[in-house]
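Hydrogens, waters and symmetry mates are skipped; everything else that's a heavy atom, side chains included, is used. So you know, we letter chains A, B, ... as the sequences are listed, proteins then strands, and number each from 1.
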2 protein chains.
Amino acid sequence: MLKSKASPVSLEQRNTTRLRVLEHIRAKGAVSRIDIATALQTSPATVTAATADLISAGLIKETESQAQSKSAKRGRPRVLLQLDGQRHLVAGLKVARQVISVILLDFEGNEIASHKFTLENPRMSPQEFVLAIRNALKETCNQIDRSIACLAGVSIGVAGLVDANRNFVHWSSSIKDSNVDFSQLLSNELPCPAFVDNDANLVAKAEQLFGLGKGLKNFLVVTIEHGVGLGIVLDGKLYRGERGCGAEFGHTKVQLDGALCQCGQRGCLEAYVGDYALIREMTVSGQINRMASVSDIHDRAKSGDDRASSVLARAGQMFGLGISNLINLYDPECIIVSGAQMSFEHLCSDEVMERIRNGVVKVDAPLPEIRIHHWGDTMWAKGAAAYGIEQISILKVRELAANAS
Amino acid sequence: MLKSKASPVSLEQRNTTRLRVLEHIRAKGAVSRIDIATALQTSPATVTAATADLISAGLIKETESQAQSKSAKRGRPRVLLQLDGQRHLVAGLKVARQVISVILLDFEGNEIASHKFTLENPRMSPQEFVLAIRNALKETCNQIDRSIACLAGVSIGVAGLVDANRNFVHWSSSIKDSNVDFSQLLSNELPCPAFVDNDANLVAKAEQLFGLGKGLKNFLVVTIEHGVGLGIVLDGKLYRGERGCGAEFGHTKVQLDGALCQCGQRGCLEAYVGDYALIREMTVSGQINRMASVSDIHDRAKSGDDRASSVLARAGQMFGLGISNLINLYDPECIIVSGAQMSFEHLCSDEVMERIRNGVVKVDAPLPEIRIHHWGDTMWAKGAAAYGIEQISILKVRELAANAS
DNA sequence: AGTAAATATTTTACCGACTGAAATAAATAT
DNA sequence: ATATTTATTTCAGTCGGTAAAATATTTACT
């Protein structure tokens with residue numbers, strides 16, 4: 001039954017239509033077959049076949065509520081299709097220096113549970129890393145009285161250099177060893193498919209699936225945390241670059257031989273915008289010792305501290321310069337600035353937006369929209385889960401094709 | 001016969017295999033069917049079908065010379081396939097301020113003829129523009145005793161903002177009107193298909209088809225002329241951005257509130273690297289009046305003029321900064337620096353390369369290669385012709401599918 | 001209520017691209 | 001001459017997709 005004589009045209013390019021239909025439904029929320037056919041420039045017959053498969057895979061369902069056809073009042077009513085979110089549960093994890101954040105999402109992106117675990121050891125061996133992940137998952141599942149076995153998939157975000165296609169981590173600050181292939185380790189310790197990727201890429205995925213990038217084809221996601229990250233979606237797909245190390249937006253140079261960056265180079269954007277850069281300026285420059293955080297600087301600025309205002313203003317100027325360069329180079333539909341907890345109002349001020357506008361070469365078409373997204377501290381874990389949802393969708397659709405006896 | 005009942009899966013995605021085979025043959029020069037099948041991860045049967053079609057379309061041919069199989073000494077010998085360049089002739093034009101350059105290439109990219117025409121009027125009406133092109137083509141064809149009717153296609157490069165898919169020119173310095181649809185005008189005045197695109201994109205196409213980007217999937221082409229341009233090839237395709245205006249690398253900012261650029265903004269790369277910027281520095285800064293060209297500055301620098309050396313050095317520093325930002329953002333396989341006539345040794349010096357290396361975030365993988373390409377003054381026209389070759393190939397393959405009775 | 005018209009979806013018959021396996025072709029080794 | 005090896009072509013079959021016809025489900029109108 002499984003061993004069909006079928007020809008695997010190319011495992012990579014197979015079932016693209018079904019996946020496109022699924023993504024369209026996810027982006028639209030609820031949509032009829034005829035609208036899908038129109039939007040995807042395909043025939044109704046194809047949509048019927050694709051949606052039938054997706055329904056039998058438990059990925060989508062028909063809704064009871066019915067939408068009126070746009071213009072007409074008679075005729076057979078459209079049946080709306082929507083995600084069948086409850087059927088599968090996906091876990092997303094973000095492994096940071098001192099903490100592992102876990103979130104459980106249903107297939108629509110709704111949060112089911114979340115939890116945080118303090119890491120005693122910030123640099124783990126691969127084996128320790130995987131076990132820490134398993135423990136974190138178990139505890140989080142316990143919260144909702146379910147076992148780890150109920151998970152359809154797990155996705156892990158780390159800062160570092162990752163070849164996501166192979167679950168291969170070239171380097172990460174959380175892991176002692178370099179060049180570790182996690183495929184085997186993960187499948188040994190976890191009862192479901194698991195994936196690893198760079199954290200900024202994962203946030204971009206989250207914006208695409210259920211954030212501000214829903215339905216967009218070409219957009220950039222700038223992540224603000226301690227540093228500045230970039231996720232790139234071109235033609236609906238994550239662009240990872242040739243070496244897979246992701247875009248180093250935080251280390252693009254905004255000043256010839258400028259401020260010293262943590263990376264050892266000079267003039268990096270992050271050396272003007274990163275939290276450590278702001279704190280460095282405040283402490284080094286005299287009166288104030290050891291500022292605890294960026295929000296302290298914000299507080300001081302609001303209460304009339306000119307030095308604090310000046311530090312924030314320069315960060316904004318440099319950030320605006322960097323963003324305008326992104327627009328000049330990528331010409332995206334939209335740039336999404338995504339932040340978790342850190343205060344970054346100074347990077348979205350009117351002055352900064354004005355600077356961006358003035359830094360972009362004028363063409364007839366309007367400027368790409370800049371959207372600000374305050375996620376809260378689940379951003380990174382949700383990003384990971386988003387990637388998991390996508391990957392599990394692909395697996396389910398493949399199984400489907402294989403099982404078609 | 002033409003009106004087949006066939007289902008046009010999608011005109012855009014049809015015949016991709018045949019086109020991939022054609023591009024592979026172009027990239028490899030001469031290659032056997034079995035090697036194509038291996039390289040393209042497809043079956044020999046498919047390659048047989050595809051190559052049979054391409055041969056009957058006059059795009060490729062079998063060579064007489066035979067290549068030995070790598071390891072074995074017996075067995076049926078491989079038949080090498082190569083482009084059948086002589087069958088079709090394509091014209092490429094570059095329309096600049098004062099001159100139209102025309103080049104005729106065969107389908108392999110070999111130069112058959114070329115010519116330059118001075119333009120009395122740098123800003124033409126659309127009608128004048130098309131007529132100027134027709135005249136330039138006629139004269140160039142006359143040179144080789146052939147008529148304009150022998151051309152399989154014509155491709156035109158202009159500086160400006162072009163929607164290449166529609167032959168729609170939003171704006172160009174050579175054309176009086178804005179937002180002109182050239183489809184109709186061109187088909188009225190020319191006996192063959194014609195295409196318009198932005199000039200930097202076209203040079204990228206030339207590098208991809210028969211330049212230093214042959215066979216690469218992700219690379220950037222930086223063009224050096226009066227200004228600095230950028231063509232982006234990602235996943236084997238030209239990336240044009242959302243608004244289609246191409247990447248404005250020359251107007252990325254390399255200095256906060258820096259030197260004034262022709263575009264009116266401050267701190268643009270071009271305001272440090274463009275020829276007018278160099279000349280401005282030399283003239284404004286005192287002793288020397290009205291330098292004729294960048295090569296004069298080079299001459300002065302070589303004969304010990306410290307001011308000239310300094311001007312060139314700073315341009316190099318800024319250029320290096322810009323290139324390292326490109327690498328940080330795109331992580332390409334390779335960056336090709338393509339120049340026509342202008343002297344740009346100061347942008348490829350060891351110091352500049354060192355600066356690039358130091359500006360790129362270190363990862364395990366080696367730095368993208370930086371290749372310098374001195375085309376000579378046919379660069380822009382050849383770029384246009386390259387795009388023509390590609391587009392005509394697509395048309396021929398489509399015809400083929402339509403004619404399969 | 002009954003019928004016509006309108007619109008959405010499904011069914012059916014068929015097409016084209018691709019595949020694996022078998023057949024064929026063209027060389028060398030023995 | 002024959003066996004062996006390797007490249008290419010032929011053939012029968014699969015898969016995803018389509019157009020057109022059939023079917024389903026509603027409102028409009030008599």
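Not one side-chain nitrogen or oxygen of B/Ser32 sits closer than 4.0 Å to the OP1 or OP2 atom of D/dA7. OP1 or OP2 of D/dT18 lies within a sub-4.0 Å distance of a side-chain N or O belonging to A/Thr42.
Per the geometry, CG belonging to B/Leu54 stands 13 Å off P belonging to C/dA17, to the nearest Å. In this structure, CZ of B/Arg398 is placed 13 Å from P of C/dA17, rounded to the nearest angstrom. If you take CG of B/Leu81 and C1' of D/dA7, they are 12 Å apart, rounded to a whole angstrom. As a whole-Å value, the separation of A/Leu400 CG from D/dC15 P is 13 Å. To the nearest angstrom, P of D/dA19 lies 12 Å from CD1 of A/Ile34. Distance CG (B/Leu80) to P (D/dA7): 12 Å, rounded to an integer number of Å.
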Do any side-chain atoms of residues 24-34 of chain B form donor-acceptor pairs under 3.5 angstrom with protein atoms, and if so which ones, sequence neighbours left out?
from    : atom 1 : to       : atom 2 : distance (Å)
B/Arg26 : NH1    : B/Phe107 : O      : 2.7
B/Ser32 : OG     : B/Asp35  : N      : 3.3
B/Ser32 : OG     : B/Asp35  : OD2    : 3.1
B/Arg33 : NE     : B/Thr51  : OG1    : 3.2
B/Arg33 : NH1    : B/Glu62  : OE2    : 3.3
B/Arg33 : NH2    : B/Glu62  : OE2    : 2.8

N/O donor-acceptor pairs under 3.5 Å from side chains in residues 81-89 of chain B, not counting sequence neighbours:
from    : atom 1 : to       : atom 2 : distance (Å)
B/Asp84 : OD2    : B/Arg87  : NH1    : 3.2
B/Gln86 : NE2    : B/Asp106 : OD2    : 3.1

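B/Cys334 is linked by a side-chain contact (heavy atoms from CB on, under 4.5 Å) to B/Leu216, B/Phe219, B/Ile336, B/Arg371, counting only residues two or more places apart in sequence or in another chain. By the side-chain contact (heavy atoms from CB on, under 4.5 Å) test, A/Ala386 pairs with A/Lys205, A/Ala206, A/Leu209, A/Phe210, sequence neighbours left out. Taking B/Ser56 as the reference, B/Leu400 meet the side-chain contact (heavy atoms from CB on, under 4.5 Å) condition, with sequence neighbours excluded. Judged as a side-chain contact (heavy atoms from CB on, under 4.5 Å), and not counting sequence neighbours, B/Ala49 has no contacts. Residues satisfying the ring-ring contact (aromatic ring centres under 6.0 Å, His included) test with B/Tyr239, not counting sequence neighbours, are none.
A/Arg240 has no carboxylate O lying under 4.0 Å from a charged side-chain N of B/Asp331, or vice versa, which leaves the two without a salt bridge.
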Identify each atom pair where a protein N or O and an N or O of nucleotides 28-30 of chain D are less than 3.5 Å apart, giving names and distance.
from   : atom 1 : to      : atom 2 : distance (Å)
D/dA28 : O4'    : A/Arg74 : NH1    : 3.1

Would you tabulate the pairs of protein nitrogen or oxygen atoms and nucleotide nitrogen or oxygen atoms of nucleotides 23-26 of chain C closer than 3.5 angstrom?
from   : atom 1 : to      : atom 2 : distance (Å)
C/dA25 : O4'    : B/Arg76 : NH1    : 3.3
C/dA26 : N3     : B/Arg76 : N      : 3.3

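Checking D/dA7, C/dT10, D/dT8 against the side-chain heavy atoms of B/Arg33 singles out D/dT8 as nearest. Taking the side chain of A/Arg78 as heavy atoms from C-beta on, and the options D/dG16, C/dT9, C/dA8, the nearest nucleotide is C/dA8. In the set C/dG20, D/dA20, D/dT9, the nucleotide with an atom closest to the side chain of B/Ser43 is C/dG20.
Judged by Watson-Crick or G-U wobble contacts below 3.5 Å, the nucleotide D/dA19 has C/dT12 as its partner.
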What do the steps show when you test A/Glu242 against B/Asn218 for side-chain hydrogen bond (donor to acceptor under 3.5 Å, both in side chains), and what is the final call?
-> CA-CA 7 Å; A/Glu242 185 62 26; B/Asn218 297 300; 2.9 Å; yes

